[in-house]
Amino acid sequence: MTAELHLHAGGSYPTDYLLELASAEDRQELEQFQETVAKGVAYKDVFKIFGIISRIINTTARVEEGTYRICEAQKRDGVTRLEIRSGIKVLNGEREEAYLEALLRGIQRSAMNACVLLSVKRDSSTEYVEKTCQLALQYRQRGVVGIDISGDSTVGDIRPHFATLKKVRDAGLFLTAHIGESREEKDQMLILQELRPHRVGHAAKLVEEAVEFILREKIPVEVCPTSARLCGMHGPDDIHPWVVEHKRSGHPIVIGTDDSTVFGTTLPKEYESLRSLLGIDCLEALKKSSHTYAFRALPEGYLPFCEFSKKFMLAETSTEKRHPITQNLSHVFQKNVPEGMELLLKVDELVLGGFQKFIETIARIAPLLACHMASGGRVFLIGSGSSGRVSVDIASRCQAAFPNVMVMGIVSGGDSAMIRPKEGFEDSFENGVKALQGWRLNTNDMVFVISASGSATFNEGVTDHALKCGAGVYYFYNSEAVPERTQALFDRGVTKLCVDIGPQAVAGSTRLQAATLAQCCLGSLLASALYMAEGNHDAAASYPKTLLGNMKTALDILRDHTESFAQIARIEHQVFSSPESNFRRLKDDPHAAGYVTFLAMADSMREVLIDATESSPTFSTNPIRRETEEGKKRAEFRAYMVGEDNAWKGLLGREVMDQQDVNEFLLSADQEGVHSYKERPKGPGNFVLAVAKVDDAVPEQLLEALDKATGVTGLLLLSRGAFNNEQAAKLRDRYGAVVIIEDVPSDLLGLSESLLLKQALNLISNSSMALMNKMSGNLMIDVRASNEKLRGRCVRLVHEITKGVRSQEEIYHAVAHVQRAMQKSTDYVPAIVKIVAEMYAQKLTPDDFAEVVEALRRNDERLTEWQ
């Protein structure tokens, strides 16, 4: 398996084919020139042969047949991937498209895994370059992958073509450039810095600054040993400088023939010429890795990287960075679960500092909100994913405590997104507009948009609509650095509510500290404003401080129970990792084992869902399934509500906004159906955990539902006071794991106990996922690329894990192709970050998807260690 990534069609038509077609005069001149080249030729003189070949290959029919024969010759040489370069031509008065289509037909006839790079020269006319780039874009889904800057590198000026070439690159096509062919070149650094080519050709005679740039940016170099030697790019007895550099530092290179017919070589000969220097093992590794540097067009539906990176590569946002406290989190968890939990709690402590600073903002803003509320103003809280679920939670608490003011919580994707993530909504401006359209906002209404990273496109639509309606808009986020499109919203009059406490304990996992911050900060802000609207200014002033004190107490309480939480995490790990578990399968097998089920009363259900619903990144195990899909494995995590006739109203604190949206989801433990609690796997090999907040006794309905399970069972209880010792002893005798947290602090909205429960559940879930190899350090590597933001996170994670061995642009392309392969798979496959990272570790490509997946399965999804 090897790739030929530097081959020009004009210099590679097989000799026998050229002689077959050539006139007697052309045949003689061609043979004489080949003999001359074989002895060595001046760089500028080598271009003369292409005039002879052009006279021979002078019709589109000959181009098609010649291309076919090139491909067949490459197959015989063992080439499994080929890139053909050619400038477009007008033959016999036909359009340039006819020439290009002839090339593509030749490839198609051979069924070779090949693509085309269209070539331009430094001295090409503006019209020629523009036409070439236009055709490259027009034929990008038919086999053209990029542009090649070639020809005599000492003639012409590339600068007038920069704008056109940049547009093509930014549109997602690849760019490679011949540089370092002659000491007379004046544009080496211009090309490198301005055009940022994905690969460079030859590069044998470079200025020192260019060498440093290529090394620093890890730009792969296309090395054509015979061509370089015969054209005098280095001494006849010397080794190509980038072969030497590859042996020294491992800098990426690919071996090519340049013009196989002109230089009388083949790819096997080129590799053989390097045998004595590099050795067999290194040569085989070089052949294998050559595929990884091949250009692949993005699948349809994927944004060009340039556009994507501006919108969704959020590397500068605090929430996406790695926290130094938890740098080695997964390794600590593998050795000692309570110690891993302590690291999480140390980052949770930072929430207190952020909240304390925000209390000053509350004092400033709450009076204004109170005025609006007192005059009939409505409050809307809205967000995507965890932020949306937090919005619903805060709104339901405020509405229950202060029923005279309308406080509405909305999650993107509709109410069913509370229990199942919705694909695509976070990336949709239009859906953001629609989310508030039916409410007829006015100048007295207030909209709170929540987004940890400040990046959701959905929120742009929400904000744009609210501003046009004249409503007051407040944007709560957790990173000082935000995308330009979000900053543009602030410039339109949106009030910024930024609480930046740095990275999450697990990079990018905003259901952790970011969600906690949103709950305590916005919950306190609205509670204070609501108290003021009622005229209770003392309560308004004291509520945030009381909540802050309760949160400090809660952290001490959590630390006292880490060993008990660790017991639950170990049970989950045992259930998931059993040989009979379906955790890493897509279908139930007869054992129906490997499932965790939560039971909760209405007052605890939202905390469970805020922790367990988000399938990316924490719970990414296999593709999202709608409840009506028969024949697929049930969700690994599922929550059922106990003790409510109207479970959805109990969850939302209001009536559902679209009954049709939630009809297919079974939420109540008393509902019947395929996905009901009755049919839920809860026998041996499964774990059912009941969660409740209690004053004294545990609700009998909860225990009755728990007793229907015959697998491992557990109780997680928050008691607002002391718990009866006798009852505690009976519960411990009755169930496998019982955690009772006593003297839980409380407040009017119930935020104190809610935050404590949320953080407890965070500790458990992150522990069990770490034990299941779903973390690497504090990187959650089981991300599902279900939207553009998460796709960007996947790219950054792979870049981080592989220590920058590939550029983020290359990784983005790999992620796109692997994601397409995953979508076609009918079996469970590991997460995309694992696949791409392991692919690079094994020097494989997306074409080797099945091989990479099998290697990960054999190793229990542990990644190869990067040194």
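Counting from 1, the numbers follow the sequence of the chain as shown. All values below were derived from every heavy atom in this structure, side-chain atoms included, with hydrogens, water molecules and symmetry-related copies excluded.
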Item checked: Presence of salt bridge, K167 and D170, under 4.0 angstrom -> no

Notebook entry, point to check: Is any side-chain heavy atom of R55 closer than 4.5 Å to a side-chain heavy atom of E29?
Noted result: yes

Notebook entry, point to check: Quick one: does S309's side chain get under 4.5 Å of Q808's, heavy atoms only?
Noted result: no

Checklist line | Stepwise side-chain contact (heavy atoms from CB on, under 4.5 Å) test for H291 and K843 | finding: CA-CA 8 Å; H291 269 248; K843 292 184 169 57; over 6 Å; no

Margin query: Rounded at 0.5 Å granularity, tell me how far CZ in R81 sits from OH in Y293.
Written below: 14.5 Å

Checklist line | Over 12 non-hydrogen atoms of neighbours within 6.0 angstrom of CG in D281 | finding: no

Notebook entry, point to check: Would you call R820 and Q823 a side-chain contact if the rule is heavy atoms closer than 4.5 Å?
Noted result: yes

Note to self: Using a 6.0 Å cut-off, check whether atom CD of E300 has over 12 heavy atoms from anything other than its own residue.
What the structure shows: no

Next item on the list: List the steps and the verdict of ring pair (Phe, Tyr, Trp, His ring centres under 6.0 Å) for H251 and H246.
Entry: CA-CA 5 Å; H251 185 86; H246 174 74; 8.5 Å; no

Next item on the list: Please check if any side-chain donor atom of T292 sits under 3.5 Å from a side-chain acceptor atom of R806, or the reverse.
Entry: yes

Next item on the list: Could you tell me how the ring of H6 sits relative to the ring of H8: parallel (under 30°), tilted (30 to 60°) or perpendicular (over 60°)?
Entry: perpendicular

Item checked: Note, P160 side chain near D157 side chain (heavy atom, < 4.5 Å) -> yes

Notebook entry, point to check: Once the angle between the rings of F295 and F174 is folded into 0 to 90°, is it parallel (under 30°), tilted (30 to 60°) or perpendicular (over 60°)?
Noted result: parallel

Note to self: Cation-pi check for Y271 against K287: NZ or CZ below 6.0 Å from the six-membered ring centre and within 45 degrees of the axis, yes or no?
What the structure shows: yes

Check: Does the side chain of E222 come within less than 4.5 Å of W242's, by heavy atoms?
Finding: no

Next item on the list: Taking the side chain as every heavy atom from C-beta outward, state whether V144 and L135 have any atom pair closer than 4.5 Å.
Entry: no

Item checked: Worked verdict on R296 versus T845 for side chain to side chain donor-acceptor pair (under 3.5 Å) -> CA-CA 10 Å; R296 293 171 177 81; T845 75; 3.2 Å; yes

Notebook entry, point to check: Would you say Q108 has more than 12 foreign heavy atoms packed within less than 6.0 Å of its CD?
Noted result: no

Notebook entry, point to check: Among T265, T266, D258, whose side chain to side chain contact (heavy atoms under 4.5 Å, CB included) with T226 holds?
Noted result: T265

Checklist line | I88 side, atom CD1; L118 side, atom CG - distance, nearest 0.5 Å | finding: 7.0 Å

Notebook entry, point to check: Looking only at heavy atoms, which two atoms of S86 and Y99 are closest? And how far apart?
Noted result: OG-OH, 2.6 Å

Next item on the list: Identify the two heavy atoms, one from T864 and one from Q842, that lie closest to each other, and give their separation to 0.1 Å.
Entry: OG1-NE2, 3.6 Å

Margin query: Just checking K205: does its NZ atom have more than 12 heavy atoms from other residues, nucleotides or ligands closer to it than 6.0 angstrom?
Written below: yes

Check: Taking all atoms of both residues into account, what is the closest heavy-atom pair of P830 and V853, and its distance?
Finding: CD-CG1, 3.8 Å

Notebook entry, point to check: Between T36 and D45, is a side-chain contact (heavy atoms from CB on, under 4.5 Å) present by the stated rule, with each step listed?
Noted result: CA-CA 10 Å; T36 301; D45 290 342; over 6 Å; no

Check: Can you check side-chain contact (heavy atoms from CB on, under 4.5 Å) on L267 and I255, steps first, answer last?
Finding: CA-CA 8 Å; L267 198 59; I255 305 301; 4.3 Å; yes

Next item on the list: Measure across G804 and K218 and return the closest heavy-atom pair with its distance rounded to 0.1 Å.
Entry: O-CD, 3.2 Å

Checklist line | Candidate pair E809 and R169, rule salt bridge (charged side-chain N to carboxylate O under 4.0 Å, His left out), full reasoning | finding: CA-CA 11 Å; E809 184 172 3; R169 192 194 196 288; 3.2 Å; yes

Item checked: S124 (side chain) donor-acceptor with V120 (main chain) under 3.5 angstrom -> no

Next item on the list: Salt-bridge test for R196 and E217: reply yes if a basic N is under 4.0 Å from a carboxylate O, no otherwise.
Entry: no

Notebook entry, point to check: Got Q193 and M189 here, is their nearest side-chain heavy-atom distance under 4.5 Å?
Noted result: yes

Next item on the list: Just do the salt bridge (charged side-chain N to carboxylate O under 4.0 Å, His left out) check on K75 and E72 with the steps written out, would you?
Entry: CA-CA 5 Å; K75 285 183 187 177; E72 292 300 298; 3.1 Å; yes

Notebook entry, point to check: Quick one: NE2 on H178 to CG on D152, what's the gap to the nearest 0.5 Å?
Noted result: 11.5 Å

Item checked: Separation between NZ of K89 and OG of S54, rounded to the nearest 0.5 Å -> 3.5 Å

Next item on the list: For a side-chain hydrogen bond (donor to acceptor under 3.5 Å, both in side chains) with T154, tell me which candidate from E185, K186, K44 qualifies.
Entry: K44

Notebook entry, point to check: For the residue pair A22 and D26, what are the closest heavy atoms and their distance?
Noted result: CB-CB, 4.0 Å

Next item on the list: For S12 and S260, indicate whether the former's side chain and the latter's backbone hold a donor-acceptor pair under 3.5 Å.
Entry: yes

Margin query: If you count every heavy atom of other residues, nucleotides or ligands that lies below 6.0 Å from E209 atom CD, does the total exceed 12?
Written below: no

Note to self: Run the salt bridge (charged side-chain N to carboxylate O under 4.0 Å, His left out) test on K121 and D123 for me, step by step, so that the C-alpha distance in whole Å, both residues' side-chain angles and the decisive distance to 0.1 Å come before the verdict.
What the structure shows: CA-CA 5 Å; K121 301 176 182 178; D123 63 346; 5.7 Å; no

Next item on the list: Would you sort out whether E800 and R796 count as a salt bridge (charged side-chain N to carboxylate O under 4.0 Å, His left out), showing the intermediate values?
Entry: CA-CA 6 Å; E800 178 91 15; R796 289 192 307 278; over 6 Å; no

Note to self: I'd like to know if E97 and K131 make a salt bridge, using a cut-off of under 4.0 Å between side-chain N and carboxylate O.
What the structure shows: yes

Notebook entry, point to check: Can Y840 and I801 be said to form a side-chain contact (heavy atoms from CB on, under 4.5 Å), step by step?
Noted result: CA-CA 10 Å; Y840 285 134; I801 292 166; over 6 Å; no

Check: Can you name the nearest heavy-atom pair linking I147 to A136, along with the distance?
Finding: CD1-CB, 3.8 Å

Item checked: Passing option when N113 is tested against T80, V79, D847 for side chain to side chain contact (heavy atoms under 4.5 Å, CB included) -> D847

Next item on the list: Give a yes or no answer on whether the side chain of D187 reaches the backbone of L190 with a donor-acceptor pair at less than 3.5 Å.
Entry: no

Checklist line | Nearest-0.5 Å distance that lies between atom CD1 in I158 and atom OG in S153 | finding: 11.0 Å

Next item on the list: Answer with yes or no whether the side chains of T257 and E270 bring together a donor and an acceptor at under 3.5 Å.
Entry: no

Next item on the list: Mark yes or no for whether S776, through its side chain, and L779, through its backbone, hold a donor-acceptor pair below 3.5 Å.
Entry: no

Next item on the list: Would you please classify the geometry between the Y43 ring and the F47 ring as parallel, tilted or perpendicular, with 30° and 60° separating the classes?
Entry: perpendicular

Checklist line | Positive for side chain to side chain contact (heavy atoms under 4.5 Å, CB included) with V211, one of I214, L215, V207 | finding: L215

Check: With the threshold set at 4.0 Å, does a side-chain nitrogen-carboxylate oxygen contact exist between E65 and R69?
Finding: yes

Margin query: With heavy-atom distances below 4.5 Å as the criterion, would you say the side chains of V200 and T176 are in contact?
Written below: no

